[in-house]
Amino acid sequence: MVATHGFQRARRPEQIEARRCAILDTARALLGSRPVADISLRELSETVGLAKSNVLRYFDSREAIFLEVLDENWVAWLDGLEASLIPTDEDSPFAAEIHVASTIAESLVTQRLLCELLSVMGSVLEKNISEDFARDFKKRATVNMTRLASLVHSQLPDLGDSDVAHFAKATVVIVAGMWPYAEPSKSVAVVLDEMQTPPAAAMFAEGLREGLVNQLVGLSALAATRTS
């Protein structure tokens, strides 16, 4: 349980920022132990030590809070990816594409919170936000998408701008589509074990890698036909 705060009314900019940080800290802590769907605005407010109406003075909605956490995790993941994405020495056909896609997939597998928030970004979190917040968030999301595309382009310069932009969007779509199956309920986990199915986490990791490799190899093959 996150400790509550005996807040006084925030008036100065630094007090307002401290209040926002406390709300986001609480959201992060709660997300560490349960999925987004299980966290209500009421629980978040009570945990941080504020009334729901006061929380909504600083954020549009419960969903806007989680979108802020998503953006933070998205940026942090890209920072780490930039440091780990290095060229491969292999020279077999599509070796560079396989290496880049595999590196991205492996890095995403370790980002449970990012994957979960991406999986509900369009279907849940973007459904209850104001136009102003939506405009701001989508701008930041576009920056993140563009940065991923640029990182891929730096490793695969023969791909066009539209190719790497497509891959960046496909990465989010693949993660969003696969993640809900990565952490099954207890009953589903029991049934999967009875069926001798590989662990859900392992299937997510392998499926994500395969999906991203297929996307990047396919895009490179198409790009080659355009220049031949």
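All heavy atoms count here, side chains included; hydrogens, waters and symmetry mates do not.
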Looking at [atom1] of [X] and [atom2] of [Y], how far apart are the two atoms once the value is rounded to the nearest 0.5 Å?
X	Y	atom1	atom2	result
Ile39	Leu44	CD1	CG	7.0 Å
Thr47	Asp25	OG1	CG	12.5 Å
Leu70	Met121	CG	CE	6.5 Å
Ser220	Ile98	OG	CD1	10.0 Å

- [ ] Apply ring pair (Phe, Tyr, Trp, His ring centres under 6.0 Å) to Trp179 and list each qualifying residue two or more places apart in sequence or on a separate chain.
- [x]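 Phe204.
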Open item on the list: Is it the case that the side chains of Arg147 and Asn144 hold a donor-acceptor pair, with the cut-off being a distance below 3.5 Å and no angle test?
Closed with: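 Looking only at side-chain atoms, Arg147 and Asn144 do not form any donor-acceptor pair under 3.5 Å.
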Task: Any donor-acceptor N or O pair under 3.5 Å, side chains Tyr58, Arg20 - done: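 Not at all, the side chains of Tyr58 and Arg20 share no donor-acceptor pair under 3.5 Å.
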Open item on the list: Using the rule given for side-chain contact (heavy atoms from CB on, under 4.5 Å), can you reason through Leu50 versus Ile23, listing the C-alpha separation, both sets of side-chain angles and the distance that settles it, and then say yes or no?
Closed with: CA-CA 9 Å; Leu50 292 169; Ile23 294 168; 4.2 Å; yes
Open item on the list: By the definition side chain to side chain contact (heavy atoms under 4.5 Å, CB included), identify the one residue from Val175, Leu125, Leu113 that meets it with Leu118.
Closed with: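 The option that passes is Val175.
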Examine distances only and state if a side-chain atom of [X] and a backbone atom of [Y] form a donor-acceptor pair shorter than 3.5 Å.
X	Y	answer
Asn73	Val69	yes
Ser61	Asn128	yes
His153	Leu159	yes

Task: Intermediate values then yes/no, side-chain contact (heavy atoms from CB on, under 4.5 Å), Val36 and Arg62 - done: CA-CA 10 Å; Val36 172; Arg62 161 189 172 275; 3.3 Å; yes
Task: Chi angles and distances behind the salt bridge (charged side-chain N to carboxylate O under 4.0 Å, His left out) call for Arg226, Asp163 - done: CA-CA 12 Å; Arg226 293 197 300 265; Asp163 297 321; 2.6 Å; yes
Salt bridge between [X] and [Y], side-chain N to carboxylate O under 4.0 Å?
X	Y	answer
Glu46	Lys52	no
Glu68	Arg140	yes
Arg19	Glu14	no

Open item on the list: Pair Thr103, Ser84 - check side-chain contact (heavy atoms from CB on, under 4.5 Å), show working.
Closed with: CA-CA 8 Å; Thr103 300; Ser84 63; 4.2 Å; yes
Open item on the list: Using the rule given for side-chain contact (heavy atoms from CB on, under 4.5 Å), can you reason through Glu183 versus Arg112, listing the C-alpha separation, both sets of side-chain angles and the distance that settles it, and then say yes or no?
Closed with: CA-CA 10 Å; Glu183 296 191 340; Arg112 187 200 69 81; 3.2 Å; yes
Task: Pairs flagged by ring pair (Phe, Tyr, Trp, His ring centres under 6.0 Å) wherever residues 88-136 is involved - sequence neighbours left out - done: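 Checked against ring pair (Phe, Tyr, Trp, His ring centres under 6.0 Å) - neighbours excluded - no pair reaches residues 88-136.
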Task: Any residue meeting side-chain hydrogen bond (donor to acceptor under 3.5 Å, both in side chains) with Ser130, in chain and number order, not counting sequence neighbours - done: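 Here the qualifying residues are Asp60.
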TODO: Under the side-chain hydrogen bond (donor to acceptor under 3.5 Å, both in side chains) rule, collect the residues that match up with Ser53, sequence neighbours excluded.
DONE: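 None.
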- [ ] List in chain and number order the residues that pass side chain to side chain contact (heavy atoms under 4.5 Å, CB included) with Arg135, two or more places apart in sequence or in another chain; answer none if no residue qualifies.
- [x]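 Arg135 satisfies side chain to side chain contact (heavy atoms under 4.5 Å, CB included) with Glu131, Asp132, Lys139 only.
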Table please: side-chain donor-acceptor pairs of residues 206-219 below 3.5 Å, with sequence neighbours left out.
| from | atom 1 | to | atom 2 | distance (Å) |
| --- | --- | --- | --- | --- |
| Arg209 | NE | Ser102 | OG | 3.1 |
| Arg209 | NH2 | Ser102 | OG | 3.4 |
| Asn214 | ND2 | Glu210 | O | 3.3 |
| Gln215 | OE1 | His166 | NE2 | 3.2 |

